[in-house]
Amino acid sequence: MTAKDRARLAAERLKALYPAVSELEHKNAFQMLVATILSAQTTDRSVNAVTPALFAKYPDAAALAHANPADVEAIIKPTGFFHVKAKTIIGASAALVERFHGEVPPRMEDLVTLPGVGRKTANVVLGVAFGIPGFAVDTHVKRLTRRLGLTKSTDPVKIEREVTRMLPPEEWTGFSLRLILHGRRICVARAPRCPDCVLNDFCPSSTVRAKGRRHPLTATAASVRLAHGRRTVAKHPNRPGTRH
């Protein structure tokens with residue numbers, strides 16, 4: 001089986017298990033952007049615990065751009081690295097106001113010019129908030145794509161480039177988000193739960209092999225429990241996409 005075959009089969013089976021959603025709770029692109037920045041080096045649960053208060057006080061980029069850093073730090077402290085994160089989200093908000101009329105731009109080229117926004121964050125925002133294909137490579141995606149033999153690289157940009165060549169654009173966002181969920185629940189870093197994995201009959205890193213032939217569309221969730229966030233942003237398929 002080629003890497004491309006594994007990628008397509010993995011995408012098909014994970015689609016039967018997980019929704020293509022982010023666990024970061026948000027109501028619009030601005031909230032998704034800020035929440036994604038805050039999610040660095042912490043859990044989505046920690047971010048979701050602080051963002052309601054944050055967005056209640058600073059509902060848009062204009063409000064957050066003029067916020068007192070100390071006040072922002074006090075709210076987001078549970079997410080860790082709060083001094084840097086407060087400076088970053090205030091700076092990103094200021095840039096949105098100064099250069100994009102306070103709106104989050106739906107283009108990779110623009111997003112990566114914002115403070116604290118790299119390709120991973122930009123791809124999450126594009127895919128989740130705008131419905132524009134993007135393959136976000138976080139620590140889970142990096143681990144799973146290597147375990148599945150889709151890449152040998154540890155560089156996020158190279159992984160993004162290699163994996164997106166294997167799948168049609170309409171699969172990029174969903175596959176990335178599902179890999180993240182699968183990495184949190186089954187293919188964990190220290191002790192992957194291979195016996196419970198629906199990819200164990202073809203994953204090169206699996207410690208077990210499924211008995212018999214598994215049909216790609218009959219996978220069950222086993223002990224996987226989903227606790228995903230809300231996605232309330234409408235897709236905009238006619239907006240310009242990203243270039244890779």
Heavy-atom donor-acceptor pair, R6 side chain to C203 backbone, under 3.5 Å | no
K15 and E171: CA distance, side-chain angles, deciding distance, salt bridge (charged side-chain N to carboxylate O under 4.0 Å, His left out) verdict | CA-CA 10 Å; K15 187 182 295 185; E171 295 287 344; 3.0 Å; yes
Polar side-chain atom of N123 near backbone of F135 as donor-acceptor pair, under 3.5 Å | yes
Under the side chain to side chain contact (heavy atoms under 4.5 Å, CB included) criterion, do L126 and M108 qualify, and how do the steps go?
-> CA-CA 8 Å; L126 288 172; M108 171 67 74; 4.1 Å; yes
Do you know the tightest heavy-atom contact between P192 and C187?
-> CB-CA, 4.3 Å
Decide yes or no for L14 and L181: does some side-chain heavy atom of the first lie under 4.5 Å from some side-chain heavy atom of the second?
-> no
Any donor-acceptor pair under 3.5 Å from W172 side chain to T164 backbone = yes
Separation of I89 CD1 from F82 CZ (nearest 0.5 Å) | 12.5 Å
Classify the side-chain pair D5/T2 by whether it contains a donor and acceptor separated by less than 3.5 Å.
-> yes
Minimum heavy-atom distance between L150 and A7, given as atom pair plus value | CD2-N, 3.6 Å
Walk me through it: do K57 and I75 pass the test side chain to side chain contact (heavy atoms under 4.5 Å, CB included)?
-> CA-CA 10 Å; K57 189 168 185 177; I75 296 174; 4.2 Å; yes
Compare every heavy atom of A61 with every heavy atom of G102, then report the nearest pair and how far apart it is.
-> O-CB, 3.7 Å
Mind checking whether V104 and V112 sit in one hydrophobic cluster, side chains of I, L, V, M, F, W, Y counted as touching below 4.5 Å?
-> yes
Do you see a donor-acceptor pair shorter than 3.5 Å between the side chains of R146 and S153?
-> no
Between OG1 of T36 and CG of D138, what distance do you get to the nearest 0.5 Å?
-> 11.0 Å
Let me see the working for K85 and E73 under salt bridge (charged side-chain N to carboxylate O under 4.0 Å, His left out), right down to the final yes or no.
-> CA-CA 8 Å; K85 289 182 179 179; E73 290 175 4; over 6 Å; no
Atom CD of E170 with >12 non-hydrogen neighbours under 6.0 angstrom = yes
With no hydrogens and no angle check, is any side-chain donor or acceptor of N200 less than 3.5 Å from a backbone partner on V208?
-> no
Do you reckon V72 sits in the same ILVMFWY cluster as V97, going by side-chain contacts under 4.5 Å, direct or chained?
-> no
How far apart are the closest heavy atoms of P133 and T173, and which atoms are they?
-> CA-OG1, 3.7 Å
Heavy atoms of A86 and P69 approach each other most closely as CB-O, 4.2 Å
Do L24 and L38 have side-chain heavy atoms sitting under 4.5 Å apart?
-> no
Show the numbers, then the answer: is there a side chain to side chain contact (heavy atoms under 4.5 Å, CB included) between L64 and V34?
-> CA-CA 10 Å; L64 189 53; V34 173; 4.2 Å; yes
Donor-acceptor pair, S205 side chain versus R147 backbone, under 3.5 Å?
-> yes
Salt bridge (charged side-chain N to carboxylate O under 4.0 Å, His left out) between D201 and R13: does it pass, once the steps are laid out?
-> CA-CA 12 Å; D201 58 328; R13 289 189 182 175; 2.5 Å; yes
P59 vs F30 side-chain heavy atoms within contact, under 4.5 Å | no
For side chain to side chain contact (heavy atoms under 4.5 Å, CB included), just list the numbers for K4 and L167, CA-CA rounded to whole Å, side-chain angles, deciding distance to a tenth of an Å, and then say yes or no.
-> CA-CA 8 Å; K4 184 176 182 178; L167 297 168; over 6 Å; no
Considering non-hydrogen atoms only, spot the tightest contact between S39 and D44 and give its length.
-> CB-OD1, 4.0 Å
Under the 3.5 angstrom rule, does the side chain of H101 hit a backbone N or O of R99 as a donor-acceptor pair?
-> no
Identify whether the distance between the nearest side-chain nitrogen and carboxylate oxygen of K158 and D155 falls below 4.0 Å.
-> no
Mind checking whether L96 and L114 have side chains closer than 4.5 Å, heavy atoms only?
-> yes
Where do R178 and E23 land on the salt bridge (charged side-chain N to carboxylate O under 4.0 Å, His left out) test, with the steps shown first?
-> CA-CA 11 Å; R178 293 181 180 112; E23 292 187 309; over 6 Å; no
Is there side-chain contact between C197 and H182, with heavy atoms separated by less than 4.5 Å?
-> yes
Are any side-chain N or O atoms of T51 and backbone N or O atoms of L54, one a donor and one an acceptor, separated by less than 3.5 Å?
-> no
Any donor-acceptor N/O pair, R119 side chain to E160 backbone, under 3.5 Å | no
Can you tell me how far CD1 of I159 sits from OG1 of T154, rounded to the nearest 0.5 angstrom?
-> 6.5 Å
Does any non-hydrogen side-chain atom of T43 lie less than 4.5 Å from one of S46?
-> yes
Output the distance between atom OH (Y18) and atom CZ (F175), rounded to the nearest 0.5 Å.
-> 12.0 Å
Backbone of I76 reached by a side-chain donor or acceptor of T79 within 3.5 Å = yes
Output for pair (T88 OG1, I37 CD1), nearest 0.5 Å, gives 6.5 Å
To the nearest 0.5 angstrom, please state how far the CG atom of L144 sits from the CZ atom of R184.
-> 12.0 Å
Just by distance, do the side chain of E12 and the backbone of R8 share a donor-acceptor pair under 3.5 Å?
-> no
Answer yes if V117 and F100 sit in the same cluster of Ile, Leu, Val, Met, Phe, Trp and Tyr residues linked by side chain heavy atoms under 4.5 Å apart, and no otherwise.
-> yes
Mind checking whether K142 and P156 have side chains closer than 4.5 Å, heavy atoms only?
-> yes
